[in-house]
Amino acid sequence: MELRPHDIVSFKTMDDFLMARSFPEWEILGHKEAIYGVIRRDSRSDKNLIPIGLRGVERGQRCGGWIRDEAIKEIITPESLVSTLNWKTRRTEFIPKVITSLINATSIFQDTGLRWGPTGSTGFELATGIKSIKDTSDLDLVVYAGEKMSVEAARDLLTLLEKTSACRLDIQLETPRGGISMKEYAISRNVLLKSDAGPFLVDRTTLWNNLK
């Protein structure tokens, strides 16, 4: 089973969710048909235990744990959420700024050939139908950069996206070594890398060194 950070998985019961500490007192976002978790980074070597994070109603309500791969019922990738056909959100009375911005971003990405998709509260609501987007929400996106993206290309893409966005953007570039901020990559030689082993400050020129 191939899973990546930001993928959303569903499972049936909290009995399938393993934690190293006690369960939080706040309500886990889900519904009677399924509970949803987001794949997170983790250095645990047991391949049968999948690291996921659960969301609560409030921004700071997050908890990390693990789920066995056989308990996963559905996998929803950010890439799949680019298509409106896969959206489960039921908003009809008001279109949030992040949705408008996502639609604008789709037009820009069409000409790039890049693999990408929405994450964060936007991706979670589109994937599950559970209201998670707030008026103050950023639009979180992930761009999969298995091949090297030049600093100039990242800077140009970021400029286009920001010009058409109605809200703040938080774009993560997923490289072979881990995830980085696209904005940080575009302006700084040293970037914060989020990896399975933890966060590290690295030189941006080393992000694709493992490619043959």
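For the pair Thr112 (side chain) and Phe109 (backbone), a donor-acceptor distance under 3.5 Å is present. Between the side chain of Ser80 and the backbone N or O of Ile76, no donor-acceptor pair lies under 3.5 Å. Side chain of Ser137 to main chain of Lys134: a donor-acceptor pair is present (N/O by atom type, distance under 3.5 Å, no hydrogens or angles). Between the side chain of Arg204 and the backbone N or O of Val151, no donor-acceptor pair lies under 3.5 Å. For Glu74 (side chain) and Val9 (main-chain N/O), no donor-acceptor pair under 3.5 Å exists by modelled atom type. Counting only distance, with no hydrogens or angles, the side chain of Glu125 and the backbone of Ile133 share a donor-acceptor pair below 3.5 Å. A donor-acceptor pair under 3.5 Å links the side-chain atoms of Thr164 to the main chain of Leu161, judged by distance alone. The backbone N or O of Arg155 lies less than 3.5 Å from a partner atom in the side chain of Thr159, making a donor-acceptor pair. A donor-acceptor pair under 3.5 Å links the side-chain atoms of Thr206 to the main chain of Asp203, judged by distance alone. No donor-acceptor distance shorter than 3.5 angstrom exists from the side chain of Asp7 to the backbone of Thr77, with no hydrogens or angles considered.
The structure places CG of Leu81 at 10.0 Å from OG1 of Thr119, a figure rounded to the nearest 0.5 Å. To the nearest 0.5 Å, atoms CD1 (Ile67) and CE (Met14) are separated by 9.5 Å. In this structure, OG on Ser181 lies 9.0 Å from CG on Leu192, to the nearest 0.5 angstrom.
Residues Ile52 and Leu54 come closest through the heavy atom pair CD1-CD2, 4.1 Å. Looking at every heavy atom in both residues, Ser43 comes nearest to Ala197 through CB-CA, 4.4 Å.
Sorted pairs that involve residues 102-111 and meet salt bridge (Lys or Arg N to Asp or Glu O under 4.0 Å), not counting sequence neighbours, are lacking altogether.
Taking 4.0 Å as the cut-off between side-chain N and carboxylate O, Arg168 and Asp138 count as a salt-bridged pair. Between Glu174 and Arg115, no side-chain nitrogen of the basic residue sits less than 4.0 Å from a carboxylate oxygen of the acidic one, so the salt-bridge criterion is not met. With respect to the salt-bridge test (charged N to carboxylate O, under 4.0 angstrom), the residues Glu162 and Lys183 qualify.
Because its NZ or CZ atom is not both nearer than 6.0 Å to the ring centre of Tyr36 and within 45° of the ring axis, Arg55 does not count as a cation-pi partner of that residue. Remark: Arg68 is not positioned above the aromatic ring of Phe11, lacking an NZ or CZ atom under 6.0 angstrom from the ring centre and at most 45 degrees off the axis.
Each of Asp170, Val82, Leu102 was checked for a side-chain contact (heavy atoms from CB on, under 4.5 Å) with Leu141, and the lone residue meeting it is Leu102.
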Practice prompt. Give the intermediate values and the outcome of ring pair (Phe, Tyr, Trp, His ring centres under 6.0 Å) for residues Tyr185 and Trp208.
Written response: CA-CA 13 Å; Tyr185 177 70; Trp208 289 270; 5.8 Å; yes
Practice prompt. With side chain to side chain contact (heavy atoms under 4.5 Å, CB included) as the test, would you mind laying out the steps for Ile50 and Trp66 before giving the verdict?
Written response: CA-CA 5 Å; Ile50 309 299; Trp66 298 266; over 6 Å; no
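The local environment of CG in Asp135 is sparse, with at most 12 non-hydrogen atoms from other residues, nucleotides or ligands closer than 6.0 Å.
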